[in-house]
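I have placed the structure first, in the form of structure tokens, so that the comments after it can refer back to it.
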Amino acid sequence: MLIKKPDAIRPSELTPEPVYLNRRQFMLGSAGVLLSAEALAASPFSTREKENSWQEITHYNNYYEFGTDKSDPGENAGSLKVRPWQIAVDGEVAHPRHYGIEELLRFAQEERIYRLRCVEGWSMVIPWTGFPLASLLKQVQPTARARYVAFETLLRPSEMPGQREHTLAWPYREGLRIDEAMNPLTLLATGLYGKPLPNQNGAPIRLVVPWKYGFKSIKSIVRIHLMETLPATSWNLANPAEYGFYSNVNPAVDHPRWSQATERRIGEFFKRPTLPFNGYAEQVAALYRGMDLRKNY
Amino acid sequence: MTPSIRPGLTPSSHITGFKRAVFALCLLPLARALWLAASGDAINPIEFLTRSTGTWTLSWLLLTLAITPLRTLTGLSILIRLRRMLGLFAFFYGVLHLTLYLWLDKFFDWPAIGHDIVKRPFITMGMAAWLLMLPLAVTSTQGWIKRLKRRWGLLHRLIYPLTVMAVVHYFWLVKKDLTQPLIYGTVLAVLLLWRVARRVATRARPAPLTASDGGRGTR
């Protein structure tokens, strides 16, 4: 089993990056860890680009529930209790039910090294561990009327100081079309760098949709609701002219206030061109065939 | 940039220890930011420097605008001797801010920059505010004060609209949380309202205006 119980020692102390970067070799070289080696086998969906460091990924991100500065989540998320935890899966499904986090961790976990492009114009490469959202949805069997999937973050102002401010309509909400949700790239992430997901990155379980801007990848999920109509989403509610339901990474469609043509990969000096669908066009462009992506931003 | 700061420190304007100390203080945020950017504490150092230089430009504009009220309230006439230096520091940080945008954000891609200026209101506003600072920095020397006489005071009233524009620039660029621009906006509103109130009060009272600022006008 990949995921261990969280402990007091910081994961960065446990696994120095060079050791981590050699993990595949290490696992293949040791006896009796066949399962882990199999679980960590490079996914065909993983990029071979240089991963951002643990420090960068865990100390520079947006998670407005803990503050609006990108250093706030790393500073304030320690107070969040992520056990016990469960997700309600309901709505247009044959078998609505609750999943405890322990059960979710029993889904076959795999590593996915994905690019993440923030709508603000920066990007990272992040080694997540998790399982396809499709595996979960197949278990509850969406009905024929399930056209969309809505997600909700935990609402707990006592542990999430940002929720005491009226920055966004809490709880944070996101949504996908059912075919987007069933796409094999769409991941429920439970870990980072082979360790349990740190609180500031959306512990204990979050969505990762790598071809969409980062805010679509909702964190600390407590509810997954399948429905027939388009779900309301937080940033769209906050500013519909700037944040659409789809929010696919698209260098050709600018944010009204800034260009999306280029991005700064954290750790790099020069900006790089942003790729359509964040470089995942091969896997997902077909989902939007015939759609006007300028209108459906 | 340093050459345009120098005029504030020419021997003719009495280099006092006080002014030197303030000068050093004005450079502290730059030193701190460079330290943070170099030490790796800032994970996105370019964004960090761009944001910091922007807020310092605004801070120094507000400090410049605070001099007259502070001098009136405290009676410390030495404060007026800092005003030019503070204003030039606002320009200094403004030049750094603009340079970071042109160089490390756009890499001198002039068509893209032109597009930004035309299409993005917050860039238009920031650029216009910066351009209005330019003549104030250029005419900040004793020579220009003498040459322009009364018109110098009129010209330098540009600090009011340009500071308002700088605050609007800040409001228009934030994604959601308006706390920071609101703080700057509130300070600016207080500084402007103080002037309005004073003007109204002096009009109501026929008492003559004091000319203790050496005829430079009340900013």
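By convention in this document, chain letters (A, B, ...) are assigned in the order of the sequence lines, proteins followed by strands, and residues within each chain are numbered from 1.
Residue B:D177 holds its CG atom at 6.5 Å from OG1 of A:T167, rounded to the nearest 0.5 Å. From B:N44, atom CG reaches atom CD of A:E268 across 11.5 Å, with rounding to the nearest 0.5 Å. Atoms CH2 and CZ, on B:W172 and A:R257 in that order, are 11.0 Å from each other to the nearest 0.5 Å. For the atom pair B:H115 NE2 and A:D254 CG, the distance stands at 5.5 Å (nearest 0.5 Å). The NE2 atom of A:H59 lies 10.5 Å from the CG atom of B:D41; values are rounded to the nearest 0.5 Å. In this structure, the separation between OH on A:Y243 and NZ on B:K175 is 5.5 Å, given to the nearest 0.5 Å.
Between B:F107 and A:F270, the two ring planes are tilted [angle within 30° to 60°].
Enclosure of atom CZ in B:R32 is not indicated, since only 12 or fewer non-hydrogen atoms of other residues, nucleotides or ligands lie within 6.0 angstrom. Annotation for A:R164: atom CZ counts as buried by contact number, over 12 foreign heavy atoms lying within 6.0 Å.
Contacts of A:E165 with chain B are absent, with no heavy-atom separation under 4.5 Å from either backbone or side chain. Both the backbone and the side chain of B:L104 come within contact range of chain A, judged by heavy atoms closer than 4.5 Å. In this structure, the portion of A:N62 lying under 4.5 Å from any heavy atom of chain B is its side chain and not its backbone. In this structure, the portion of A:H255 lying under 4.5 Å from any heavy atom of chain B is its backbone and not its side chain.
In summary, B:E47 and A:K70 engage in a salt bridge, as defined by a charged side-chain N under 4.0 Å from a carboxylate O.
Stacking of B:K119 on the aromatic ring of A:W258 is not recorded, the 6.0 Å distance cut-off and the 45° axial limit not both being met.
When all heavy atoms of A:Q55 and B:I43 are compared, the pair lying nearest together is O-CD1, 3.6 Å. Closest approach of A:S259 and B:K106 over heavy atoms only: CB-NZ, 4.5 Å. Here the shortest heavy-atom pairing between B:K176 and A:A238 reads CE-CB, 3.6 Å.
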